[in-house]
Amino acid sequence: MVKNITIFTTNTCAYCAMVKKYLGAKGMEYDVVNLDEHPERQAEALAVSGSLTVPVTVVTKADETKEVVVGYNLAKLAPAIA
């Protein structure tokens, strides 16, 4: 079961909008961290993903394990939120 979803985004990221639209269509709630508005959290996104690209979607499960999906990758995102 999914406990929490956080998406790291920027203002100009088209794939970020696609991830948010996908999650919305699935009825999933999520938190958004806009790195343009909160640049101090870029290190957090990098630490969790190992990547400087967005979107970075962090799915925290009920048992506190985390699944990190970089980019618009439905092959990884769909099972992560299932």
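Since we're looking at a predicted model, the values are computed, not measured.
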S.K.: Is there a path of hydrophobic side-chain contacts, each under 4.5 Å between heavy atoms, that joins Tyr72 and Val32?
M.R.: yes
S.K.: Let me check something: any side-chain donor-acceptor pairs from residues 48-55 under 3.5 Å, sequence neighbours excluded? List them with distances.
M.R.:
from, atom 1, to, atom 2, distance (Å)
Ser49, OG, Ala45, O, 2.7
Ser49, OG, Ser51, N, 3.0
Ser49, OG, Ser51, O, 3.1
Ser51, OG, Thr53, N, 3.1
Ser51, OG, Thr53, OG1, 2.8

S.K.: What pairs meet the side-chain hydrogen bond (donor to acceptor under 3.5 Å, both in side chains) rule with one or both residues in residues 9-19, with sequence neighbours excluded?
M.R.: Asn11-Asn34, Asn11-Asp36
S.K.: Give every donor-acceptor pair under 3.5 Å between a side-chain atom in residues 16-26 and any protein atom, sequence neighbours left out.
M.R.:
none

S.K.: Sort and list the pairs that fulfil disulfide bond (SG atoms under 2.5 Å apart) and have at least one residue in residues 22-56, not counting sequence neighbours.
M.R.: none
S.K.: Can you hop from Val69 to Ile5 via hydrophobic side chains spaced under 4.5 Å?
M.R.: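 Val69 clusters together with Ile5.
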S.K.: Do Leu74 and Val70 land in one hydrophobic cluster if side-chain heavy atoms of ILVMFWY residues count as linked below 4.5 Å?
M.R.: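 No; tracing contacts between hydrophobic side chains, which count when under 4.5 Å, never links both residues.
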S.K.: Tell me which pairs pass side-chain hydrogen bond (donor to acceptor under 3.5 Å, both in side chains) where either residue lies in residues 62-71, with sequence neighbours left out.
M.R.: Lys3-Glu64, Thr60-Lys66, Asp63-Thr65
S.K.: Please tabulate, for side-chain N and O atoms in residues 75-82, each donor-acceptor pair with protein atoms closer than 3.5 Å (sequence neighbours left out).
M.R.:
from, atom 1, to, atom 2, distance (Å)
Lys76, NZ, Val68, O, 3.4

S.K.: Indicate, with yes or no, if Val2 and Val58 share a hydrophobic cluster defined by side-chain heavy-atom contacts under 4.5 Å among Ile, Leu, Val, Met, Phe, Trp and Tyr.
M.R.: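 Different clusters: Val58 never reaches Val2 through Ile, Leu, Val, Met, Phe, Trp or Tyr contacts under 4.5 Å.
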S.K.: Mind jotting down which residue pairs meet the disulfide bond (SG atoms under 2.5 Å apart) criterion with at least one end in residues 46-82? Sequence neighbours excluded, please.
M.R.: none
S.K.: Just grab all the salt bridge (charged side-chain N to carboxylate O under 4.0 Å, His left out) pairs involving residues 38-52, residues at least two apart or on different chains.
M.R.: Arg41-Glu44
S.K.: According to the disulfide bond (SG atoms under 2.5 Å apart) rule, which pairs have a member within residues 18-72, sequence neighbours left out?
M.R.: none
S.K.: With sequence neighbours excluded, give me every disulfide bond (SG atoms under 2.5 Å apart) pair touching residues 19-67.
M.R.: none
